[in-house]
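Following: one structure in structure tokens, then a few remarks.
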There are 2 protein chains.
Amino acid sequence: MIKEVWKKFDETELSHSSVHHLMAVHHLVKENGYARAVDIGRYLNLTRGSISVTLHKLIDKDYLEEDENKFYRLSEKGKQLVCSVLSKRQILKQFFTTVLRLPEDSAEIDACKIEHLLSQQAGEQLLVFMGYFLSDNPEAAAFREGFQQFQYNCPMENCLICDNTCYFANSHTDCE
Amino acid sequence: MIKEVWKKFDETELSHSSVHHLMAVHHLVKENGYARAVDIGRYLNLTRGSISVTLHKLIDKDYLEEDENKFYRLSEKGKQLVCSVLSKRQILKQFFTTVLRLPEDSAEIDACKIEHLLSQQAGEQLLVFMGYFLSDNPEAAAFREGFQQFQYNCPMENCLICDNTCYFANSHTDCE
DNA sequence: TTCCGGTGTTTGATGTATCAAACAAAAGTT
DNA sequence: AACTTTTGTTTGATACATCAAACACCGGAA
């Protein structure tokens with residue numbers, strides 16, 4: 001039932017926030033060699049208290065490890081998750097800027113909102129697509145060229161994209 | 001600062017859940033001519049109590065209106081929001097199935113998770129892209145053809161997509 | 001007219017994410 | 001060694017989304 005699809009949103013293993021806690025650890029360890037709660041807090045602009053709570057939950061869930069000095073590092077599971085999210089971010093950003101020609105900062109924001117929600121499968125396929133789109137195959141080059149020129153005009157009837165319910169800029173019907 | 005981008009996720013005007021409450025109203029009014037709390041509850045699989053609370057918040061925020069018999073309909077603002085989300089869903093789904101060749105049901109789920117987060121700008125540009133991709137321009141046809149055949153092999157070095165940090169299927173470096 | 005079922009609302013609970021403030025412990029300074 | 005600062009933890013609060021259960025109302029059936 002379609003009715004049940006919408007609940008999948010909350011069934012994600014980790015929240016947007018938790019994912020960013022992990023990414024902060026990744027970033028800080030890479031940059032500084034270590035990540036303490038206070039560093040993560042400063043990085044994410046959250047209080048130490050909040051960070052402390054969240055990190056311990058992430059330890060319980062086995063995404064994070066803590067050493068004797070309360071320095072954090074990602075577990076294998078955590079590393080994998082961060083890697084997959086970072087890769088999706090990278091590819092999404094590239095798609096948004098290169099293909100959709102969004103400004104850098106909107107691309108950044110859109111990618112950040114979506115990166116942790118996109119399925120692995122979609123991420124991989126998007127990578128393949130980008131590989132072809134950006135390749136120097138003549139068809140790809142011609143496509144890029146042609147797309148640059150292209151202006152979409154919704155044909156009102158028989159719109160191949162939107163099922164006769166085009167809601168965008170030049171929208172012509174109410175949502176039915 | 002990049003540090004602040006991540007918080008934009010929670011700064012969305014309405015939550016995923018609220019958006020789906022509105023879409024339920026839209027759907028039910030379209031299908032049955034009316035939408036009462038109990039109908040919405042059944043449709044979304046939530047209790048009447050929960051629905052009641054959320055709907056009143058949506059009325060306060062001016063997305064929804066209630067008549068004397070407690071039948072709900074979307075306000076202008078609500079209609080606009082639902083339209084924009086439905087259009088993004090439609091286009092995303094089409095992109096996922098047609099371009100990325102994801103199975104129908106994954107496409108559905110991915111689209112549903114993302115639809116309310118994607119910026120209007122990205123949605124519109126994606127529509128334009130789909131317009132070109134699916135057009136019968138010869139370059140588009142050739143591109144589709146070529147893409148069908150294409151196999152992406154990450155060249156390990158100088159990967160044009162992933163900045164030498166390819167995280168997907170054939171990943172070759174750790175996230176650094 | 002009384003009673004029952006369907007509907008909407010309210011209340012108390014859970015779980016999540018966050019804060020500020022109080023507290024404790026460790027580290028650095030004098 | 002004594003004092004100060006930094007850091008981590010705990011606690012009580014808010015806000016959200018949800019539930020179950022209690023309550024209230026309304027309208028039709030007996």
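What you see is a predicted model, and the numbers here were worked out from it, not measured in a lab. Every chain is numbered from 1 and lettered A, B, ... according to where its sequence line falls, protein lines coming before strand lines.
- A salt bridge does not link A/E115 to A/K88: none of the charged side-chain nitrogens sits closer than 4.0 Å to a carboxylate oxygen.
- Between the CG atom of A/L58 and the P atom of D/dG8 there is a distance of 16 Å, rounded to whole Å.
- Here the C1' atom of nucleotide D/dT18 and the CD atom of A/E11 are 14 Å apart, to the nearest Å.
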Inset, instruction - Let me have a per-nucleotide readout for nucleotides 5-25 of chain C, 5' to 3', with B, S or -, counting only protein heavy atoms under 4.0 Å. - result: --BBBB------SSSS-----

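- When the shell of 6.0 Å around CD of B/Q149 is examined, it contains more than 12 heavy atoms from other residues, nucleotides or ligands.
- Heavy atoms from other residues, nucleotides or ligands lying under 6.0 Å from CD of A/E11 number more than 12.
- Cation-pi geometry between B/R101 and B/F96 is not satisfied (NZ or CZ under 6.0 Å from the ring centre, within 45° of the ring normal).
- In this model, a donor atom of one side chain and an acceptor atom of the other lie less than 3.5 Å apart for B/D110 and A/S119.
- Going from atom CD of A/E68 over to atom P of D/dG8 covers 14 Å, rounded to whole Å.
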